[in-house]
Each structure stands twice: as C-alpha cells, then as structure tokens.
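A short write-up of the structure that comes next.
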Amino acid sequence: QVILQESGGGSVQDGGSLRLSCHASGIDYSTACMGWFRQAPGKDREEVATIYLGDGSTYLPRSVKGRFTITQDNALTTMSLQMDNLKPQDTAMYYCAAQSLDHYECISATWLPEYWGQGTQVSVSS
C-alpha cells in the first residue's frame with residue numbers, strides 16, 4: 001500500500017517562503033515519479049513540480065520556475081518543495097502525488113498520478 005504523508009504549508013505574505021515535504025512509503029523508489037499539484041477554488045488542478053527519484057530529473061512549469069525547487073532526500077523516501085518569492089496567485093491546496101513511471105513519462109508534464117496525499121493549504125496574502 002502506497003502512503004503519502006505531507007507536511008508544511010501555512011500562511012505567508014507576498015514574497016515569503018514555505019517548504020512542503022512528502023514522505024512516501026510502499027513505493028518502488030527506483031521508478032517513482034513524485035510531484036506536487038495544486039488546485040485553487042474554481043480553477044483546474046495544476047502540476048507544480050515533479051521529480052523522478054530514479055535519477056533526480058525534474059520538471060517545473062514556467063509559472064513557478066525560478067521560485068520553486070523540488071528535491072529528494074538521500075534515502076529517496078522524502079520529497080520536498082521549497083517555495084520562495086510566493087505570490088497571492090500561488091494560494092491553493094497543494095497535493096503530493098506519486099506513481100511508478102519511467103523517466104520520460106514522469107517529466108513529460110502529462111503524467112496522471114495514481115497515488116495522492118491528503119493535501120495541505122498554502123495561503124499567500126498581498
């Protein structure tokens with residue numbers, strides 16, 4: 001059974017920073033694709049950052065590139081998202097997600113996760 005346990009999140013002001021972490025258990029780390037998605041009220045779900053644990057390759061969309069960084073710990077069990085220079089439009093519920101995929105499927109910006117965390121709220125005020 002795959003379990004994703006999120007931590008972090010909270011409220012900050014415009015320009016502030018937050019760090020989200022996601023601990024994964026029950027997944028094959030050598031083929032694990034992990035990432036963060038977010039959804040704001042009334043908006044579509046959006047992929048925020050993805051990392052392929054097998055080789056550390058990452059994908060970040062233009063909306064967060066240069067402000068967000070996704071990393072994995074040495075034990076490959078935890079994935080973190082460092083969010084800097086946060087803006088009010090980053091306000092959303094953030095979800096950790098995972099699936100076993102190959103490298104190319106993982107960082108193609110089209111993957112559909114099979115496993116999801118419970119979500120953590122990020123709120124940025126102006």
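Please read these numbers as outputs of a predicted model, since none were measured by experiment.
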Item checked: Donor-acceptor pair, side chain of Tyr59 and main chain of Glu47, under 3.5 angstrom ->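 A pair under 3.5 Å: no.
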Notebook entry, point to check: Thr91 side chain to Val124 main-chain N or O, any donor-acceptor pair under 3.5 Å?
Noted result: yes
State the [atom1]-[atom2] distance between [X] and [Y], to the nearest 0.5 angstrom.
X	Y	atom1	atom2	value
Ser30	Leu53	OG	CG	9.0 Å
Met34	Cys22	CE	SG	4.0 Å
Thr71	Gln82	OG1	CD	8.5 Å
Thr31	His103	OG1	NE2	14.0 Å
Thr69	Arg19	OG1	CZ	9.0 Å
Thr50	Trp36	OG1	CH2	11.5 Å

Note to self: Which Ile, Leu, Val, Met, Phe, Trp or Tyr residues join Ile3 in one cluster when any pair of side-chain heavy atoms under 4.5 Å counts as a link?
What the structure shows: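 ILVMFWY cluster around Ile3 holds nothing else.
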Next item on the list: Share the residues that join Leu112 in a hydrophobic cluster, the rule being Ile, Leu, Val, Met, Phe, Trp or Tyr side chains under 4.5 Å apart at the heavy-atom level.
Entry: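 Result for Leu112 is none, singleton.
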Next item on the list: Output, in order, the C-alpha distance, side-chain angles, deciding distance and verdict of side chain to side chain contact (heavy atoms under 4.5 Å, CB included) for Glu105 and Cys33.
Entry: CA-CA 9 Å; Glu105 291 174 313; Cys33 182; over 6 Å; no
Next item on the list: Mind running side-chain hydrogen bond (donor to acceptor under 3.5 Å, both in side chains) on Asp84 and Ser17 for me, showing each step along the way?
Entry: CA-CA 4 Å; Asp84 297 317; Ser17 297; 2.8 Å; yes
Verify the distance criterion only: is there a donor paired with an acceptor across the side chains of [X] and [Y] at less than 3.5 Å?
X	Y	answer
Glu46	Ser63	yes
Ser21	Ser80	yes
Asp28	Ser100	no

Item checked: salt bridge (Lys or Arg N to Asp or Glu O under 4.0 Å) contacts touching residues 110-126 (sequence neighbours left out) -> none
Notebook entry, point to check: Does any pair with a residue in residues 53-71 pass salt bridge (Lys or Arg N to Asp or Glu O under 4.0 Å), and if so which ones, sequence neighbours excluded?
Noted result: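 Found Arg67-Asp90.
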Cluster link [X] to [Y], ILVMFWY, side chain under 4.5 Å:
X	Y	value
Leu81	Tyr52	no
Leu4	Met93	no
Val64	Leu86	yes

Check: Can you say whether the rings of Tyr94 and Phe68 are parallel (under 30°), tilted (30 to 60°) or perpendicular (over 60°)?
Finding: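 Tyr94 and Phe68: tilted rings.
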Next item on the list: Decide yes or no on side chain to side chain contact (heavy atoms under 4.5 Å, CB included) for Thr78 and Gln72, but give the supporting numbers first.
Entry: CA-CA 6 Å; Thr78 300; Gln72 63 190 75; over 6 Å; no
Note to self: I'd like to check the ring-ring contact (aromatic ring centres under 6.0 Å, His included) partners of Phe37; sequence neighbours left out, ordered by chain and number.
What the structure shows: Trp111, Trp116
Next item on the list: Let me see the working for Leu60 and Val48 under side chain to side chain contact (heavy atoms under 4.5 Å, CB included), right down to the final yes or no.
Entry: CA-CA 6 Å; Leu60 293 94; Val48 176; over 6 Å; no
Next item on the list: Report, as yes or no, whether the 6.0 Å neighbourhood of atom CD on Gln13 holds more than 12 heavy atoms from other residues, nucleotides or ligands.
Entry: no
Next item on the list: Could you check Met83 against Leu20 for side chain to side chain contact (heavy atoms under 4.5 Å, CB included), going step by step and ending with a plain yes or no?
Entry: CA-CA 8 Å; Met83 303 183 291; Leu20 307 181; 3.7 Å; yes
Checklist line | disulfide (SG to SG under 2.5 Å) contacts touching residues 34-70 (sequence neighbours left out) | finding: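 Qualifying pairs, neighbours excluded: none.
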